Structure formats: C-alpha cells, structure tokens
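Sequential numbering from 1 along the given sequence is applied to the chain's residues. A quick note: this is a predicted structure, and the numbers were derived from the prediction, not measured.
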Amino acid sequence: MRGVSTPRTAPARARRDEDKTARREAILDAASRVWDERGYASATMTDVARETRLAKGTLYLYFRTKEELFLALLARQLWTWFDRVDADLAALSAPQEARTLAAHLTEALRGTHRMVDLLTLLSAILEQNVPIEATLAFKAGLGERLRRTGGVMERLLPHLREGQGARVLLHFSALVVGLHQVATPVPAAKAATLDPQLHFLVLDFHEELHVALTALLLGTERAG
C-alpha cells in the first residue's frame with residue numbers, strides 16, 4: 001500500500017545482537033572475578049549469576065555448563081595472548097635466534113596466571129562436559145590462531161618448515177601445562193621442599209619454560 005513504510009528489523013536485530021554480546025562479555029568478566037575469589041573447584045554458576053545480577057536461568061541461556069563458561073573464558077584470554085604475541089613478533093626482523101624467540105613467547109606469559117591455570121584444566125576438566133558445538137568452535141579458533149602465529153614464527157626461524165610453527169606452539173602449550181604443575185605444588189608438597197636436600201625440586205616457572213622452549217626450537221633446527 002502506497003505511503004505505508006515497511007518496518008525495518010535489521011537495526012533492531014543488530015542492537016539485540018550487540019546486547020547479547022555485551023551481556024556475554026559481562027558474564028565472562030564476572031566469571032573472572034569469581035575465579036579469582038574462589039578458584040575453579042569452588043566456583044559455581046550460582047556465584048557467577050549473583051556476580052552479574054542475572055537470574056541463574058538467564059546465565060544458562062549463554063553457557064549450558066560451568067565447563068562451557070570457563071572454556072569460553074580460556075578462549076578469550078588465549079586470543080588476547082595470541083594478539084600480544086603476534087604484535088610482539090611482528091616487530092622483529094628475520095632471522096632470529098631460538099633463544100630470543102623463546103624469550104619473547106615466555107615473557108608474554110607473565111601476568112597471565114589465570115589463563116595458565118585454565119590451560120591446566122583444559123583436557124581433564126573443561127572439555128569433559130561441554131556441548132560438542134562449543135568444543136568444535138574452540139578447536140577451530142585455536143587452530144586458526146596456532147596457524148597464524150606459527151606462520152610468523154616460521155618467518156623468524158627459517159629452519160621451521162610450513163606448518164611446523166603451529167606444532168611447536170602445541171608443544172609449547174604442553175610445556176606450559178607440565179612445568180606449571182611441577183613449579184606450583186600443593187601446600188603439603190611445597191612444605192616438603194623446605195628440606196635443603198629437596199631444594200632442587202623448587203623450579204622457577206618462567207626460567208625453566210624459557211630453557212625448555214629454547215631446547216625445543218634448537219631441536220627442530222637440528223632435526224631439519
């Protein structure tokens with residue numbers, strides 16, 4: 001009918017999408033605070049809902065399980081870490097020494113204790129009770145970031161073959177998880193290391209990680 005305009009729904013839908021994104025980010029911010037206060041084991045979805053002042057049912061519209069929520073938090077922190085590393089490595093000229101590149105990757109982990117803690121839970125806990133589509137989305141995002149940052153590493157270390165940079169980063173992740181667990185013992189085990197004869201068990205996480213990653217990069221050079 002002439003003179004009657006058709007309702008425009010796109011802007012309203014865009015606003016709704018923006019509101020959903022903002023609420024999702026607010027939930028992740030709340031999950032970060034709950035984690036800092038309680039740790040993963042003691043944190044509950046009720047705690048997060050209370051922190052965001054949302055009904056618990058509303059929280060479950062965004063994250064169906066506690067594991068899915070903290071997997072999303074890990075993803076957000078991982079992508080931020082990759083952004084930092086990419087910007088750092090982009091400023092370097094090729095070629096670089098293995099020790100120098102290892103130092104850049106290791107230093108980028110300082111101040112990311114929550115991300116590292118979440119990484120230690122990834123395989124054993126976070127991926128065990130998550131809808132398959134959420135797991136696939138996380139894996140797809142991780143694969144993209146590994147390939148992108150791995151490609152930058154291949155430019156800086158010419159001995160790395162195409163695709164090898166991403167594989168090195170996967171091994172680096174395993175080193176992070178393993179060394180963090182060894183370097184951060186539970187209180188009872190930490191008390192045992194006060195014995196002078198057991199002091200060799202006390203590790204500096206970043207120092208040992210730098211040594212291990214350097215050895216890994218040098219090993220790929222010799223193997224190549």
Could you work out, with salt bridge (charged side-chain N to carboxylate O under 4.0 Å, His left out) as the rule, every residue matching [X], not counting sequence neighbours?
X      : answer
Glu133 : Arg64
Arg167 : none
Asp117 : none
Arg110 : Glu107

Least distance between heavy atoms, [X] atom then [Y] atom:
X      : Y      : value
Gln164 : Leu160 : OE1-CA, 3.5 Å
Ala43  : Phe70  : CB-CZ, 4.2 Å
Thr52  : Ile27  : CG2-CA, 3.8 Å
Asn129 : Glu67  : ND2-OE1, 3.0 Å
Pro95  : Pro158 : CB-CD, 3.8 Å
Val85  : Ala108 : CG2-CB, 3.7 Å

field: Stepwise side-chain contact (heavy atoms from CB on, under 4.5 Å) test for Asp204 and His206
entry: CA-CA 6 Å; Asp204 181 286; His206 290 91; 4.0 Å; yes

Is any side-chain heavy atom of [X] closer than 4.5 Å to a side-chain heavy atom of [Y]?
X      : Y      : value
Trp79  : Leu142 : yes
Thr65  : Leu71  : no
Leu109 : Trp81  : yes

Would you give the length of the straight line joining atom [atom1] of [X] to atom [atom2] of [Y], rounded to the nearest 0.5 angstrom?
X      : Y      : atom1 : atom2 : result
Asp83  : Arg148 : CG    : CZ    : 7.5 Å
Phe172 : Met153 : CZ    : CE    : 8.5 Å
Phe82  : Leu169 : CZ    : CG    : 6.0 Å
Leu170 : Leu175 : CG    : CG    : 11.0 Å
Leu54  : Met45  : CG    : CE    : 10.5 Å
Asp36  : Arg114 : CG    : CZ    : 4.0 Å

query: Which salt bridge (charged side-chain N to carboxylate O under 4.0 Å, His left out) pairs, counting each pair once, include a residue from residues 71-82, with sequence neighbours left out?
result: Glu25-Arg76, Asp29-Arg76

Residue pairs involving residues 86-98 (criterion salt bridge (charged side-chain N to carboxylate O under 4.0 Å, His left out); sequence neighbours excluded): Asp86-Arg145

message: Under the criterion side-chain contact (heavy atoms from CB on, under 4.5 Å), I'd like the reasoning laid out for Leu89 against Leu101: C-alpha separation, chi angles, the key distance, then a yes or no.
response: CA-CA 8 Å; Leu89 298 186; Leu101 192 59; 3.5 Å; yes

field: Shared hydrophobic cluster for Leu218 and Leu92 (ILVMFWY, side-chain gaps under 4.5 Å)
entry: no

With distance as the sole test, does [X] use its side chain to make a donor-acceptor pair with the main-chain N or O of [Y] at under 3.5 Å?
X      : Y      : value
Ser42  : Gly39  : no
Thr220 : Leu217 : yes
Lys66  : Tyr40  : yes
Glu51  : Val48  : no
Glu154 : Gly165 : yes
Thr112 : Met115 : no

message: Around atom CZ of Arg23, are there more than 12 heavy atoms from other residues, nucleotides or ligands closer than 6.0 Å?
response: no

message: Applying side-chain contact (heavy atoms from CB on, under 4.5 Å) to Leu73 and Phe63, what does each step give before you reach the verdict?
response: CA-CA 11 Å; Leu73 180 61; Phe63 302 101; over 6 Å; no

- prompt: With sequence neighbours excluded, what pairs up with Ala183 under the side chain to side chain contact (heavy atoms under 4.5 Å, CB included) test?
  reply: Leu203, Phe205

message: Could you work out, with side chain to side chain contact (heavy atoms under 4.5 Å, CB included) as the rule, every residue matching Ser173, not counting sequence neighbours?
response: Leu119

With a cut-off of 3.5 Å and sequence neighbours excluded, list every side-chain donor-acceptor pair involving residues 207-215.
{"unit_1": "His210", "atom_1": "NE2", "unit_2": "Arg99", "atom_2": "O", "d": "3.1"}
{"unit_1": "Thr214", "atom_1": "OG1", "unit_2": "His210", "atom_2": "O", "d": "2.8"}

ILVMFWY clustering at 4.5 Å (side-chain atoms), partners of Ile132: Leu136

- prompt: Quick one: side-chain hydrogen bond (donor to acceptor under 3.5 Å, both in side chains) pairs with a partner in residues 119-128, sequence neighbours left out?
  reply: Glu127-Lys139

task: List for me each residue that meets side chain to side chain donor-acceptor pair (under 3.5 Å) alongside Glu37, sequence neighbours excluded, and say none if there are none.
output: none

- request: Any chance you could lay out the side-chain contact (heavy atoms from CB on, under 4.5 Å) test for Leu28 and Leu69, step after step, and finish with the verdict?
  value: CA-CA 7 Å; Leu28 293 177; Leu69 169 58; 3.8 Å; yes

